[in-house]
Amino acid sequence: VCPLLASLVTLFSPMMLVTATNIMLDLPMAAFFVASIALWCEGIDSERRGLLILACVAVGLSALCKYFGIAALPLLCLYAIARRRYPGHWLPPLLIPIACVALEQLASYSLYHRSLFLNAVDIAGTAANPAFYRIATGLSFTGGCMFGVIAFSFHMRPRQRRIAASTGIAVVAASFMAIIMHLNPSDDPLPPLSVIQLAVFILGGTIAFALALDDLSSERSAESVLLVCWVLGTFVFAALMNWSVTARTLLPMAPAVAILIVRRLQRCHAPPLLRSYTFPLLACIAVSFACGAADYAWAGSMRDVARSFVA
């Protein structure tokens with residue numbers, strides 16, 4: 001039940017359906033990214049060298065799809081160190097994705113006389129918005145793209161701790177809300193409905209990070225360290241290092257947040273029953289399909305405008 005619930009929360013997240021309607025390499029990148037972590041964890045735990053090699057091949061393929069895929073490499077190292085405490089047979093396979101990226105850069109340099117990776121870094125450095133604004137925007141995208149953290153939030157805390165936890169998270173979310181309103185680069189004020197939506201999504205993003213920290217403090221395991229770094233690393237890249245915050249850049253975070261949701265549900269209601277969460281799942285499905293349809297319609301409007309100019 002737990003893997004199925006985590007899979008459903010991931011599948012029916014708005015970022016998944018929005019990304020799936022585009023012909024881009026983000027979904028293959030995320031698939032190889034997740035596969036590499038799953039293979040690596042199983043290979044480290046069972047000490048099977050073949051799985052470690054497959055995991056590193058998956059990292060290389062993920063990086064060839066999108067450069068962010070190479071971010072799986074430090075996660076693999078971190079999990080191995082947390083699990084084994086010393087370097088061992090798991091270290092040499094990590095050279096495989098490094099070799100893949102190096103060969104790709106040599107090939108691109110021979111064709112274009114410049115490094116495409118460094119070119120991407122230069123473009124990312126052109127973002128002019130303040131860091132606090134980008135963090136607040138990233139939290140809003142995290143909460144909106146992983147709507148499951150909002151839909152399942154009522155089930156995640158015991159009754160006696162729910163009020164205190166909700167108050168703390170609301171204060172943090174309100175602080176970031178004030179920052180993004182104060183630093184709004186547009187001269188026009190946000191419409192009231194947009195303000196409400198922004199507040200709810202920032203609250204959701206704050207809950208996602210609260211889940212990660214709660215899991216680390218409760219479990220104190222290699223898996224908890226992996227999940228926290230997985231979520232935090234993706235957020236830092238999407239909000240602070242990328243040139244803009246989008247659902248596509250946050251996509252690799254979706255499985256990690258879904259796992260954190262299910263692990264929290266297990267600690268509160270063990271074992272969690274799938275039928276107990278029908279309403280949150282239906283809410284995720286409704287919001288995800290609405291976002292996917294809206295994104296599809298917006299993309300179609302661009303095509304219609306282009307046709308009107310041609311006509």
Side-chain angles (χ1 to χ4, degrees), residues 1-3 5-7 9-10 13 34 37-38 40-42 44-45 71-72 74-86 132 135-136 138-143 145-177 200-240 250 252-272 276-277 280:
V1 174
C2 294
L5 182 58
S7 300
V9 173
T10 302
S13 60
V34 175
I37 294 176
W40 183 263
C41 292
E42 181 63 26
I44 289 293
D45 295 341
L75 293 178
L76 304 189
C77 292
L78 190 65
Y79 181 82
I81 292 173
R83 199 72 168 172
R84 296 300 174 194
R85 306 291 182 182
Y86 57 87
F132 281 116
I135 291 173
L139 285 174
S140 175
F141 268 84
T142 300
C145 291
M146 279 304 301
F147 188 76
V149 295
I150 299 174
F152 284 87
S153 60
F154 184 78
H155 298 275
M156 291 181 192
R157 284 284 177 185
R159 293 180 182 275
Q160 62 270 23
R161 299 175 59 189
R162 188 175 295 155
I163 296 177
S166 301
T167 302
I169 292 173
V171 168
V172 174
S175 300
F176 279 105
M177 181 67 184
V200 172
F201 288 167
I202 289 178
L203 179 62
T206 309
I207 293 174
F209 284 98
L211 285 176
L213 296 177
D214 177 74
D215 191 89
L216 182 61
S217 63
S218 300
E219 302 294 334
R220 299 183 182 273
S221 62
E223 290 80 7
S224 297
V225 174
L226 173 66
L227 289 170
V228 169
C229 294
W230 187 347
V231 172
L232 182 61
T234 305
F235 181 84
V236 169
F237 170 80
L240 298 177
L250 287 169
M253 183 193 295
V257 175
I259 293 171
L260 287 169
I261 291 173
V262 174
R263 283 164 69 92
R264 179 60 205 172
L265 292 175
Q266 283 182 299
R267 291 194 296 272
C268 292
H269 316 282
S276 303
Y277 305 112

Fill in: Side-chain heavy atoms of Val149 within contact of Ile261, under 4.5 Å
yes
Worksheet, complete the sentence: Closest non-hydrogen contact found for Ala258 with Ala6 is CB-O, 3.4 Å
Discussion item. Could you check whether any side-chain heavy atom of Cys41 comes within less than 4.5 Å of a side-chain heavy atom of Leu226, counting everything from C-beta outward?
Written reply: yes
Worksheet item: What are the two closest non-hydrogen atoms of Ser140 and Phe201, and how far apart are they?
Response: O-CB, 3.2 Å
Worksheet entry | Residues in salt bridge (charged side-chain N to carboxylate O under 4.0 Å, His left out) contact with Glu42, at least two apart in sequence or another chain | none
Worksheet item: For Phe152, what residues pass the ring pair (Phe, Tyr, Trp, His ring centres under 6.0 Å) criterion, not counting sequence neighbours?
Response: Tyr277
Worksheet item: Side chains of Thr10 and Ser7: is there a donor and an acceptor less than 3.5 Å apart?
Response: no
Worksheet item: Side chains of Ile202 and Thr206: closer than 4.5 Å at any heavy-atom pair?
Response: yes
Worksheet item: Do the non-hydrogen side-chain atoms of Leu211 and Arg263 ever get within less than 4.5 Å of each other?
Response: no
Worksheet item: Does some side-chain heavy atom of Leu139 sit less than 4.5 Å from a side-chain heavy atom of Phe209?
Response: yes
Fill in: Trace of the side-chain contact (heavy atoms from CB on, under 4.5 Å) decision for Phe147 with Ile150
CA-CA 5 Å; Phe147 188 76; Ile150 299 174; 4.2 Å; yes
Practice prompt. List the atom of Trp230, the atom of Ala256, and the distance in Å for their closest heavy-atom pair.
Written response: CD2-CB, 3.5 Å
